[in-house]
A.B. asks: 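Provided herewith is a single structure, encoded as structure tokens, for subsequent inquiry.
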Amino acid sequence: VLEAVRQRGDALQYAAEQLKADHELMLEAVRLDGLALAYAAEPLKADRELVLEAVRQHGRALEYVAEPLKADRELVLEAVRQDGGALEYAAEPLKADRELVLEA
């Protein structure tokens, strides 16, 4: 599975649920394609380390992040630095943050 993920991050959509819950596998996947976060098990979408790697690789991965982390200013800043459009997925209060808006 890891080799398939290295070829195509979206290969995870076909993986067994237990693999989607594997932290190391998902970490490797989001380092290659941040949007692979979409296929992660829900608890991993709340894992700050994994989510940070995902948004650094592809800012719009913020769409798939657990709601509480969408209010994490540092994480959102990383996302908008990578892709300004990621601001769309930030928690409402952060959408009014001057620095974040200017960074986007």
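Fair warning: this is a prediction, and the values are worked out from it, not measured in the lab. Throughout, numbering of the chain's residues begins at 1 and tracks the sequence.
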A.B. asks: Between NE2 of H23 and CG of D47, what distance do you get to the nearest 0.5 Å?
C.D. replies: 3.5 Å
A.B. asks: For the CD atom of E63 and the CG atom of L35, what is their distance to the nearest 0.5 Å?
C.D. replies: 8.5 Å
A.B. asks: Let me confirm one number: the CZ-CG distance from R56 to L75, rounded to the nearest 0.5 Å.
C.D. replies: 8.5 Å
A.B. asks: For a quick test of reading the model, state the closest non-hydrogen atom pair linking L94 to L87 and the distance between them.
C.D. replies: O-CD1, 4.2 Å
A.B. asks: Does Q82 reach the side chain of R60, with side-chain heavy atoms less than 4.5 Å apart?
C.D. replies: no
A.B. asks: Are any of the side-chain nitrogens in E92 or K95 under 4.0 Å away from the carboxylate oxygens of its partner?
C.D. replies: yes
A.B. asks: Would you say L27 and E49 make side-chain contact, with heavy atoms under 4.5 Å?
C.D. replies: yes
A.B. asks: Side chains of E78 and L52, heavy atoms from C-beta outward: is any pair under 4.5 Å?
C.D. replies: yes
A.B. asks: Using a strict cut-off of less than 4.0 Å between a Lys/Arg side-chain nitrogen and an Asp/Glu carboxylate oxygen, indicate whether R31 and E28 qualify as a salt bridge.
C.D. replies: no
A.B. asks: So, for G59 and D83, which heavy atoms are closest and what is the spacing to 0.1 Å?
C.D. replies: CA-CB, 4.1 Å
A.B. asks: A36 and L12: which non-hydrogen atoms are nearest, and at how many Å?
C.D. replies: CB-CD1, 4.2 Å
A.B. asks: Tell me, please, which residues at least two apart from R81 pass side-chain hydrogen bond (donor to acceptor under 3.5 Å, both in side chains).
C.D. replies: none
A.B. asks: Closest heavy-atom contact between G34 and A61?
C.D. replies: O-CB, 3.4 Å
A.B. asks: Identify, with sequence neighbours excluded, every residue that meets side-chain contact (heavy atoms from CB on, under 4.5 Å) alongside A38.
C.D. replies: Y64
A.B. asks: Hey, are the side chains of M26 and D22 touching, using non-hydrogen atoms and a 4.5 Å cut-off?
C.D. replies: no
A.B. asks: Can you tell me how far apart CG (L37) and OH (Y39) are? Round to the nearest 0.5 Å.
C.D. replies: 11.0 Å
